[in-house]
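Working notes, structure below.
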There are 2 protein chains.
Amino acid sequence: MSISEELLSNYGLRNTAFRKKLLKLFQNSESTLTVEKIKDKIGRKNDKVTIYRALSSFEKSGIIHQVPDKNNVSRYALCTSTCNSSNHTHHHAHFICDHCDNTLCLEEIDLPKIKTIKGFKFKKTELIIQGSCPKCL
Amino acid sequence: MSISEELLSNYGLRNTAFRKKLLKLFQNSESTLTVEKIKDKIGRKNDKVTIYRALSSFEKSGIIHQVPDKNNVSRYALCTSTCNSSNHTHHHAHFICDHCDNTLCLEEIDLPKIKTIKGFKFKKTELIIQGSCPKCL
DNA sequence: TTTATATTTGCAACTCAGTTGCGTTAACAG
DNA sequence: CTGTTAACGCAACTGAGTTGCAAATATAAA
């Protein structure tokens with residue numbers, strides 16, 4: 001059993017050909033993935049519905065997490081090994097490139113400590129930085 | 001000439017009945033506005049195309065700015081008086097309520113100073129906090 | 001190995017936000 | 001008052017994402 005196969009089983013997901021390919025694609029991918037990019041890389045044989053459903057079950061399991069996207073399109077990245085279905089927290093910022101529209105996880109930038117405001121309850125923080133990525137600079 | 005009429009003229013926009021109403025709606029609104037909410041408040045007589053076009057010209061002029069939305073729907077808030085078509089910078093965080101899905105500008109929370117990462121150029125920062133708003137707490 | 005069952009897949013059809021083209025209307029400058 | 005240009009409204013479209021359902025297949029149980 002390969003690592004990706006084991007990972008899928010561990011999360012209670014079935015080892016279908018498509019899901020193995022999808023998981024490997026995430027593992028071999030430097031940056032984040034959109035449905036369009038997944039179609040490009042995996043081939044157009046699989047229906048978009050299958051992709052959407054696989055993504056949402058991967059996300060629920062804690063294998064991947066959704067990241068912001070410039071064009072408000074679904075975009076995902078692999079989680080660190082500490083994630084699971086009940087604890088899905090990330091402490092890094094996200095970077096969106098103004099030119100290539102790509103989103104990257106910036107593990108080296110921590111989220112700021114926010115002092116609570118009276119009347120509010122803060123639960124999650126997302127820090128998005130826009131600019132030029134190394135490829136486009 | 002009313003303040004809102006003057007504001008529209010100043011930005012080179014025409015004082016149509018609809019745009020005056022829309023601008024006043026923003027000025028009298030505590031929180032941010034979506035197209036749906038605008039339809040509710042202004043009445044369904046105006047076409048959605050008219051609303052979208054008015055919003056994007058208001059945004060281009062620096063009257064309003066787009067704010068994040070939970071459901072990836074267009075959402076806007078009035079800018080401070082320092083904004084215009086060439087300088088459209090905001091230094092506050094945005095809050096999204098998990099329960100009522102509303103977004104608020106948190107003027108009291110400043111954006112963190114980000115140390116640049118080699119190879120990148122950072123231009124804009126967006127800080128989004130999720131949780132419960134005073135109404136839903 | 002076979003069988004049962006629950007998950008996954010693929011197709012078609014749909015929803016819903018937002019856009020485009022275009023002819024008409026109305027603001028406003030001259 | 002008139003010509004120009006911005007704004008409006010309608011219809012038709014786009015594109016991401018969803019839903020229902022029947023067929024296929026991974027996995028557990030016998």
Side-chain angles (χ1 to χ4, degrees), chain A residues 1-2 4-25 32-40 42-61 63-64 66-76 85 101 103, chain B residues 1-2 4-26 32-40 42-61 63-64 66-76 85 101-103:
Chain A
M1 224 186 204
S2 74
S4 53
E5 282 175 331
E6 206 166 326
L7 185 55
L8 287 171
S9 317
N10 283 349
Y11 283 110
L13 302 171
R14 291 192 174 171
N15 275 304
T16 66
F18 169 71
R19 294 196 172 193
K20 275 187 271 184
K21 263 202 284 183
L22 181 61
L23 182 50
K24 270 182 197 151
L25 181 58
T32 56
L33 293 171
T34 60
V35 172
E36 265 316 294
K37 230 178 186 172
I38 292 169
K39 277 186 193 162
D40 282 349
I42 281 193
R44 304 264 157 185
K45 283 180 188 168
N46 289 284
D47 198 78
K48 58 175 177 170
V49 180
T50 305
I51 301 176
Y52 281 111
R53 288 202 264 237
L55 288 172
S56 75
S57 72
F58 279 20
E59 195 195 8
K60 233 183 267 172
S61 310
I63 300 177
I64 59 175
Q66 196 156 17
V67 298
D69 179 272
K70 205 183 181 182
N71 310 114
N72 281 342
V73 159
S74 295
R75 187 180 280 273
Y76 293 91
S85 58
D101 288 14
T103 300
Chain B
M1 224 188 208
S2 74
S4 53
E5 282 174 331
E6 205 166 326
L7 184 56
L8 287 172
S9 320
N10 283 350
Y11 283 110
L13 301 172
R14 289 190 176 172
N15 275 304
T16 67
F18 168 70
R19 295 197 171 194
K20 275 187 272 185
K21 262 202 285 184
L22 181 59
L23 181 51
K24 270 182 198 150
L25 182 57
F26 272 106
T32 57
L33 292 172
T34 59
V35 171
E36 264 318 293
K37 229 177 186 171
I38 292 169
K39 278 186 192 162
D40 282 349
I42 281 191
R44 304 265 156 181
K45 282 181 189 169
N46 290 284
D47 196 79
K48 58 176 177 170
V49 180
T50 304
I51 301 176
Y52 281 111
R53 288 203 263 238
L55 288 172
S56 74
S57 71
F58 280 19
E59 195 195 8
K60 233 183 268 172
S61 311
I63 300 177
I64 59 175
Q66 197 157 16
V67 297
D69 179 272
K70 205 183 181 182
N71 309 115
N72 282 340
V73 160
S74 294
R75 188 181 280 273
Y76 293 90
S85 57
D101 288 13
N102 196 5
T103 300

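Naming: A, B, ... by sequence-line order, numbering from 1 per chain.
Ion pair B:Arg53/B:Glu59 not flagged as a salt bridge, since none of the NZ, NE, NH1 or NH2 atoms sits closer than 4.0 Å to an Asp/Glu carboxylate oxygen.
For B:Ser74, no side-chain nitrogen or oxygen approaches OP1 or OP2 of C:dA17 to under 4.0 Å. Between A:Thr50 and C:dT8 there is no side-chain N or O to OP1 or OP2 distance below 4.0 Å.
Atom NZ of B:Lys45 and atom P of D:dC8 are 15 Å apart (whole Å). Computed from coordinates, the B:Asn46 CG to C:dA26 C1' distance equals 14 Å when rounded to whole Å. The CZ-C1' distance, from B:Arg19 to C:dA26, rounds to 12 Å in whole Å.
Nucleic acid contact class of B:Ser57 (heavy atoms, under 4.0 Å, all strands): none.
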N/O-N/O pairs, protein side and nucleotides 19-22 of chain D side, under 3.5 Å:
{"unit_1": "D:dG20", "atom_1": "O6", "unit_2": "A:Arg53", "atom_2": "NH2", "d": "3.3"}

N/O-N/O pairs, protein side and nucleotides 24-26 of chain D side, under 3.5 Å:
{"unit_1": "D:dA26", "atom_1": "N3", "unit_2": "A:Arg14", "atom_2": "NH1", "d": "3.0"}

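A distance of 5.5 Å separates NZ of B:Lys21 from CD1 of B:Ile42, quoted to the nearest 0.5 Å.
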Quiz item: Tell me, what's DNA chain C's dot-bracket, Watson-Crick or G-U with both distances under 3.5 Å, | for other-strand, [ ] crossing?
Solution: ||||||||||||||||||||||||||||||
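Between B:Leu13 and B:Lys48, the one whose closest nucleotide on DNA chain D sits nearer the 5' end is B:Leu13.
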